**Q** 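Structure provided below as structure tokens; questions to follow.
Letters A, B, ... mirror the listed sequences (proteins, then strands); counts begin at 1. Being a predicted model, the structure only gives us computed values, none of them experimental. Side-chain atoms are counted along with the backbone in the values below, which use heavy atoms only and exclude waters and symmetry mates.
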Amino acid sequence: MRVSVQAEPFDFGAECADFGRGGRDVGAVVSFLGVVRDDSGALKRMEVEHYPGMTERAITEIAEEARRRWDLADLLVIHRHGALLPGEPIMMVATAARHRAAAFEAAEFLMDYLKSRAPFWKKETGTDGSRWVAARDEDEDALARW
Amino acid sequence: MRVSVQAEPFDFGAECADFGRGGRDVGAVVSFLGVVRDDSGALKRMEVEHYPGMTERAITEIAEEARRRWDLADLLVIHRHGALLPGEPIMMVATAARHRAAAFEAAEFLMDYLKSRAPFWKKETGTDGSRWVAARDEDEDALARW
Amino acid sequence: MITVLYFAWVRERIGLPRERIESSAKTVAELVEELKAREERYAAAFADLKALRVALDQELADFTAPLAGVREIAFFPPMTGG
Amino acid sequence: MITVLYFAWVRERIGLPRERIESSAKTVAELVEELKAREERYAAAFADLKALRVALDQELADFTAPLAGVREIAFFPPMTGG
């Protein structure tokens, strides 16, 4: 298991190449990549603020809860903070398990909790100024399924 | 969209590195990697038989159904046939969408249908002989959710 | 003439991957009965139809499906892809 | 003395990321009332508590939570990670 909160870019392809491999009991690997999306076509950059100390702690707790709920061979969370450009990777999650159901469910669980329970805040700057990204009701609602 | 049925190995890391990137409206990429798992600890090899012609057609139909159901920016399916060793990648699926819900759901839909509706059959050879892998009731049941 | 394909353990039991046969069967079920009557290896392969799937011209079908116009029929166990 | 942290638009409205304050507040809600009474920028930041979240010593908490023993309190909008 690895949790990383970092300003530096990460290499999604390289992370996927190695993750969860080598154990003979791994049959399913699921990975998720979050990318800075430009809904308006006018996004210049995104600033990700976080709460140093609490961020690592919150993500680690979420990851440990996932390992209690599902039998995972491995788990990875990388989340960036700082200044990002449209199209840049912002975060990733990966899970490895015997069967696909556990790998998919654990990855979705991690994503749902990271969205609403890890202390990150996004600010978008476009050609018309800056605004904080509002939390979406559906992200909060997504937690109810777990 | 790309569908490939092939005997050759594929490079999961390299596929992940490029997939779904470049469009400004992509916020979420989900990928699934299926690996030859060795449950018994005695697996020597796996042979994947398929139905040339029908395989490509069935996977393409499944992929097109996924694109009708979800708004996907891109979709990739690679499935190998032939002789495979424990730990080797057997197949992968990747989806790209604006939001994570569509990317996750489409990837799971693709996996559920590939499991039970694409004409592949697996034969395991271990130290104690060979056997055809039986279809699992839960894989058939998984289709009911779509 | 219709091309009949066998996969996985159906292929192994019957002992060949494909054959061309002449048949007057109107449905898949009738063709199966003709094949079972041929030889013991066919009877063994088709003993339990619930354990089998059929495709007509590369589309999944039922055992009750008509064969009119079909050029290729395939018999195989439930699929185990992914 | 307690360390108070502000993030995102809460930080921007109050105009600083952290401060050390002396308070006799027994709960988060009491501390919020003390802060709101200080200056307009605090009143603006804490105008709608439903739009705010609070963490005590880096664990999410409620506004009714007691402050006894707490060294660090943070106020911020709903999180938007992922």
**Q** Would you find more than 12 non-hydrogen atoms of other residues, nucleotides or ligands less than 6.0 Å from B/Arg45 atom CZ?
**A**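 Not buried by this count: 12 neighbours or fewer within 6.0 Å.
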**Q** I'd like to know if the side chain of B/Glu105 reaches the main chain of B/Ala102, judged simply by a donor and an acceptor atom lying under 3.5 Å from each other, with no hydrogens or angles considered.
**A** no
**Q** For B/Ala134, which atoms come within 4.5 Å of any heavy atom of chain C: side chain, backbone, both, or neither?
**A** backbone
**Q** Give the member of B/Glu47, B/His79, B/His81 that has the highest number of heavy-atom pairs under 4.5 Å with chain C.
**A** B/His79
**Q** Is B/Glu61 close to chain C through its backbone or its side chain, or both, or neither, when contacts mean heavy atoms under 4.5 Å?
**A**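 When you check distances to chain C, only side chain atoms of B/Glu61 fall under 4.5 Å.
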**Q** Of all of B/Lys115, B/Met111, B/Met92, which one pairs up most often with chain C through heavy atoms under 4.5 Å apart?
**A** B/Lys115
**Q** If you tally heavy-atom pairs under 4.5 Å against chain C, which of B/Met54, B/Arg117, B/Arg80 wins?
**A**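 Sorted descending by pairs with chain C, the first entry is B/Met54.
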**Q** Side chain, backbone, both or neither: which part of B/Met91 has an atom under 4.5 Å from a heavy atom of chain C?
**A**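 Just the side chain, heavy atoms under 4.5 Å.
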**Q** Taking everything shown except B/Asp137 itself, do over 12 heavy atoms lie less than 6.0 Å from its CG?
**A** no
**Q** Sub-3.5 Å donor-acceptor pair from the side chain of B/Asp38 to the main-chain atoms of B/Gly41, do we have one?
**A**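 Yes; at least one donor-acceptor contact below 3.5 Å.
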**Q** Scan residues 92-103 of chain B for pairs that pass salt bridge (charged side-chain N to carboxylate O under 4.0 Å, His left out), counting only residues two or more places apart or in two chains.
**A** A/Asp39-B/Arg98, A/Asp112-B/Arg100, A/Asp139-B/Arg100
**Q** With distance as the sole criterion, is a donor-acceptor pair present between the side chains of C/Glu34 and C/Tyr42 under 3.5 Å?
**A**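 Looking only at side-chain atoms, C/Tyr42 and C/Glu34 do not form any donor-acceptor pair under 3.5 Å.
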**Q** So which part of B/His50 gets closer than 4.5 Å to some heavy atom of chain C, the side chain, the backbone, both or neither?
**A**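 Just the backbone, heavy atoms under 4.5 Å.
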**Q** For chain C, which of B/Lys123, B/Arg136, B/Glu140 has the most heavy-atom pairs under 4.5 Å?
**A**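 When all of B/Lys123, B/Arg136, B/Glu140 are compared, B/Lys123 has the most.
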**Q** Answer with yes or no whether the side chains of B/Glu65 and B/Trp146 bring together a donor and an acceptor at under 3.5 Å.
**A** no
**Q** Tell me, side chain or backbone of C/Ala8 under 4.5 Å from chain B's heavy atoms, or both, or neither?
**A** both
